[in-house]
2 protein chains.
Amino acid sequence: MAHMYFQLPVLEKFVGDAFQAFGFTKDESAIITDVLLTADMYGIESHGMQRLSRYDNGLKSGLIKLDANPEVVFETPISAVIEGHDGMGQLIGNHYGIAGYYALMAVKEGLVGLSTTNSEAIMVPTFASKAMLGSNPLAVAVPADPYPFFFDASTTVVTRGKLEMYRKAEKELPDGWALNKYGNPSTDAEDVLKNIVAKAGGGIMPLGGSTEKLGSHKGYGYGMLVELLSSIASMGITSNHTHMNGKGGTCHGFIALDPAIFGDPDALKEHFSTFLQELRDAPKAEGAERIYTHGEKEALAVERVKENGVPVDVKTVIEMKQMADHLGMDFTSYFGDIDLDTSTFSSIYS
Amino acid sequence: MAHMYFQLPVLEKFVGDAFQAFGFTKDESAIITDVLLTADMYGIESHGMQRLSRYDNGLKSGLIKLDANPEVVFETPISAVIEGHDGMGQLIGNHYGIAGYYALMAVKEGLVGLSTTNSEAIMVPTFASKAMLGSNPLAVAVPADPYPFFFDASTTVVTRGKLEMYRKAEKELPDGWALNKYGNPSTDAEDVLKNIVAKAGGGIMPLGGSTEKLGSHKGYGYGMLVELLSSIASMGITSNHTHMNGKGGTCHGFIALDPAIFGDPDALKEHFSTFLQELRDAPKAEGAERIYTHGEKEALAVERVKENGVPVDVKTVIEMKQMADHLGMDFTSYFGDIDLDTSTFSSIYS
């Protein structure tokens, strides 16, 4: 994939203006923009600006509702259950971008953050032939030096986005990722993705694969924990019932935990940072260049963005141009004259 | 492995008396016995009575201290940090048996339970060649019908006990489980176990294997969460520093969560139970007989125990006989005259 590089403030202005053109307020647009661009800055391109058109489509189809008002349906002094009424995920409701963004909000306040979400069913439970759980990411962020611990991962072996990339590239899937509609291993990305959308069976394996030998039941178990914190605790819709009859209905979970309930926060942070450094300094496997701790790759990606700008896939840039034209925004006033060969791309507006 | 079957009350009496013979009070012995026999009843034989001799050895070597008094070193109205002073794990301190036992204690009170523990380092982080994290199980138990959701799993592909079973049977390890001291895949159980004890490098892979392709960084991440809730929150010893200089020093984490902070507990339980039933009723993979939800295998094992008694490996029965003789307990008064061919077994007391 060829990439172009843009300075962060330019993209912030463009994306913020686009969401205002969709009908969101300036403040709402700023929140959504920050979530999307954080993903791009962290190198999690699948959840960044390349999703702009998906949000646009979601708003048009009514899957996402522009004027939704989140409603607190249950609360205690330490908890709340909120009905999002299918509003924009970053504001509260449907697809909410990277789970880790919300975990990091807690870290900015000196707290441990945890966030979960269910999704359209893509995970096939151990011994099943049908997807019943979502990608069900669990994100945890913890204060640490020199950067926070940041773990944000689906409980499936890989995300649906990875399969989409293989389909685009017309490549066979690696063994150990996906299942066909009979519950047998499959390397056919096109077929697996088609079956997920049609709810025809098959899908992606839990972390640990499809048999107990490598721990399939464990990935399935982590997926259940995410379901518990997302759709069960909120009396919401479980993954196997989302995305039906024009309704998304995914559910999110958020936890903020004050380390001060366990002792001196500064001492805990130092203790954890020491362990993280010991991990990075551990003996490396033959051929391995470095041992990462979680959050290090994202910190390195941010450094690269500061130096080179935000990398954006050319295909996404073309989608942004089409969107600008469609919304009556002057693309060149943001990005200048870019030479984009659009001859081989179809419009995102049909 | 050949097994003999015993009625639960007989084993309870024997194990309780043995721990009293070790020097524990009647109440303490009852707690320890319940933890061990719950494992056997659930079919988790590795963590049941076959560990009796390990506790005996731990007490003799001083790794476990008979007269330890747990001490609350920090507390708030909703939390406490406890220094176990190397006491018996089931009472608080060192190796504490199955993590799930403590999660289930919460379920018995209508709460969601979570328990974690670190251990001697056996997990090799992604791209490392040395074990730095423990088996680091995460156990979660949740009220549900017809039996609680019960998830109790190490964050490694398999536990150390599995490798020990392969070593006993002199079988090659399956691919995808273990690493040699250079961080390369290994199927040699004897070599891997020897290196773990010697802290010479190598160990067991995180859930997801040793490369990012199948999600190694995710299993490593879950292992970190367990470390966070066990050794970091308690300012305790991280796995890579436990079991050194005659000190164990492992740390446990316990969380009890009242579902009433999210709504009506009965409604939540019914909502979750419905989802669990939908999972069990989902279409099965070709050749699969049933889809399990977590806790179902344990519930089935308890049914079998009620019908047939508790299965105990003959080798463990022989160890129990040796222990009884050593402690001056009359083995036959518990179990009658059992014909045990001990000719090929060495004594656990040297």
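Letters A, B, ... mirror the listed sequences (proteins, then strands); counts begin at 1.
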Colleague: Of the listed residues (A:R290, A:E278, A:H217), which shares the most heavy-atom pairs with chain B below a 4.5 Å separation?
Modeller: A:E278
Colleague: So which part of A:L138 gets closer than 4.5 Å to some heavy atom of chain B, the side chain, the backbone, both or neither?
Modeller: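 Contact with chain B involves the side chain of A:L138 alone.
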Colleague: Just verifying a value: how many Å separate B:D152 CG and B:E298 CD, rounded to the nearest 0.5 Å?
Modeller: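 Here the interatomic distance stands at 8.0 Å.
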Colleague: Shorter than 4.5 Å, heavy atoms on both sides: which option in A:F262, A:Y182, A:W177, A:F272 has the most such pairs with chain B?
Modeller: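 Among A:F262, A:Y182, A:W177, A:F272, the one with the most close pairs to chain B is A:F262.
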Colleague: Given A:H294, which of A:Y42, A:Y147, A:F149 fulfils the ring pair (Phe, Tyr, Trp, His ring centres under 6.0 Å) condition?
Modeller: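 Answer after filtering A:Y42, A:Y147, A:F149: A:F149.
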Colleague: Can you measure from CG (B:D266) to NE2 (B:H271) and round to the nearest 0.5 angstrom?
Modeller: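 NE2 of B:H271 is found 14.5 Å from CG of B:D266.
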Colleague: Which one, A:G221, A:P125, A:G215, A:A288, leads in non-hydrogen pairs under 4.5 Å with chain B?
Modeller: A:G221
Colleague: Is A:E212 in contact with chain B via its backbone, its side chain, both, or neither, using a 4.5 Å heavy-atom distance?
Modeller: side chain
Colleague: So does B:Q277 have more than 12 non-hydrogen atoms from other groups sitting under 6.0 Å from CD?
Modeller: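 Yes, CD of B:Q277 has more than 12 neighbouring heavy atoms, counting only those of other groups under 6.0 Å.
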Colleague: By a 4.5 Å heavy-atom criterion (distance strictly below it), what part of B:V157 contacts chain A: side chain, backbone, both, or neither?
Modeller: both
Colleague: Contact part of B:K297 toward chain A, heavy-atom cut-off under 4.5 Å: side chain, backbone, both or neither?
Modeller: side chain
Colleague: Name the member of A:L114, A:V81, A:V112, A:I261 that forms the most heavy-atom pairs with chain B at distances under 4.5 Å.
Modeller: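 Option with the top pair count is A:I261.
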Colleague: For B:T155, is it the side chain, the backbone, both, or neither that has a heavy atom closer than 4.5 Å to a heavy atom of chain A?
Modeller: both
Colleague: Tell me, side chain or backbone of B:I78 under 4.5 Å from chain A's heavy atoms, or both, or neither?
Modeller: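 Looking at B:I78, just its side chain touches chain A.
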Colleague: Side chain, backbone, both or neither: which part of B:F151 has a non-hydrogen atom closer than 4.5 Å to chain A?
Modeller: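 For B:F151, side-chain heavy atoms alone lie under 4.5 Å from chain A.
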Colleague: Given heavy-atom pairs under 4.5 angstrom as the criterion, report whether the side chain, backbone, both or neither of B:P283 touches chain A.
Modeller: both
Colleague: Just how far is it from atom CG of A:L163 to atom CD1 of A:I204, taken to the nearest 0.5 Å?
Modeller: 4.5 Å
Colleague: Examine whether an atom of A:A260 lies under 4.5 Å from a heavy atom of chain B, and if so say whether it belongs to the side chain, the backbone or both; otherwise answer neither.
Modeller: backbone
Colleague: Side chain, backbone, both or neither: which part of B:V142 has an atom under 4.5 Å from a heavy atom of chain A?
Modeller: side chain
Colleague: Identify which part of A:L276 has an atom lying under 4.5 Å from any heavy atom of chain B, answering side chain, backbone, both or neither.
Modeller: side chain
Colleague: Look at A:G263, A:G183, A:P174 and state which one has the largest set of heavy-atom pairs under 4.5 Å with chain B.
Modeller: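 Highest number of heavy-atom pairs under 4.5 Å: A:G263.
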Colleague: Give, for atom NZ of B:K199 and atom CD of B:E120, the distance between the pair rounded to the nearest 0.5 Å.
Modeller: 4.0 Å
Colleague: With only heavy atoms counted, which part of B:L133 is less than 4.5 Å from chain A, the side chain, the backbone, both or neither?
Modeller: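 Looking at B:L133, just its side chain touches chain A.
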Colleague: To the closest 0.5 Å, what do you measure between OG (B:S79) and CG (A:L257)?
Modeller: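 If we round to the nearest 0.5 Å, B:S79:OG and A:L257:CG are 9.0 Å apart.
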Colleague: For chain B, which candidate among A:S234, A:P259, A:A267 shows the most heavy-atom pairs at distances under 4.5 Å?
Modeller: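 The residue among A:S234, A:P259, A:A267 with the greatest pair count is A:A267.
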Colleague: Could you please spell out the steps behind the side chain to side chain donor-acceptor pair (under 3.5 Å) verdict for B:S154 and B:S135?
Modeller: CA-CA 5 Å; B:S154 68; B:S135 58; over 6 Å; no
Colleague: Measuring heavy-atom distances to chain A, does B:E227 have an atom under 4.5 Å in its side chain, in its backbone, in both, or in neither?
Modeller: side chain
Colleague: What part of A:F275 is in contact with chain B, defined as an atom under 4.5 angstrom from a non-hydrogen atom: side chain, backbone, both or neither?
Modeller: side chain
Colleague: For B:N184, look at atom CG and say whether over 12 heavy atoms of other residues, nucleotides or ligands are found less than 6.0 Å away.
Modeller: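 Correct, the count exceeds 12.
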Colleague: At a heavy-atom separation under 4.5 Å, does B:L225 approach chain A through its side chain, its backbone, both, or neither?
Modeller: side chain
Colleague: Below 4.5 Å, heavy-atom pairs only: which of B:K130, B:K181, B:E289, B:M205 has the largest tally toward chain A?
Modeller: B:K130
Colleague: With a sphere of 6.0 Å drawn around CG of B:D281, does it hold more than 12 non-hydrogen atoms of other residues, nucleotides or ligands?
Modeller: yes
Colleague: Less than 4.5 Å to any heavy atom of chain B: does that hold for the side chain of A:K213, its backbone, both, or neither?
Modeller: both
Colleague: Under the side chain to side chain contact (heavy atoms under 4.5 Å, CB included) test against B:S231, which residue among B:T116, B:T238, B:N136 passes?
Modeller: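 Looking at B:T116, B:T238, B:N136, the match for B:S231 under the side chain to side chain contact (heavy atoms under 4.5 Å, CB included) is B:T238.
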Colleague: A:I232 versus chain B, heavy atoms under 4.5 Å apart: side chain, backbone, both or neither?
Modeller: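 Backbone plus side chain of A:I232, per the 4.5 Å heavy-atom cut-off to chain B.
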Colleague: If I measure from the heavy atoms of chain B, does A:F74 come under 4.5 Å with its side chain, its backbone, both, or neither?
Modeller: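 Answer is side chain: those atoms of A:F74 sit under 4.5 Å from chain B.
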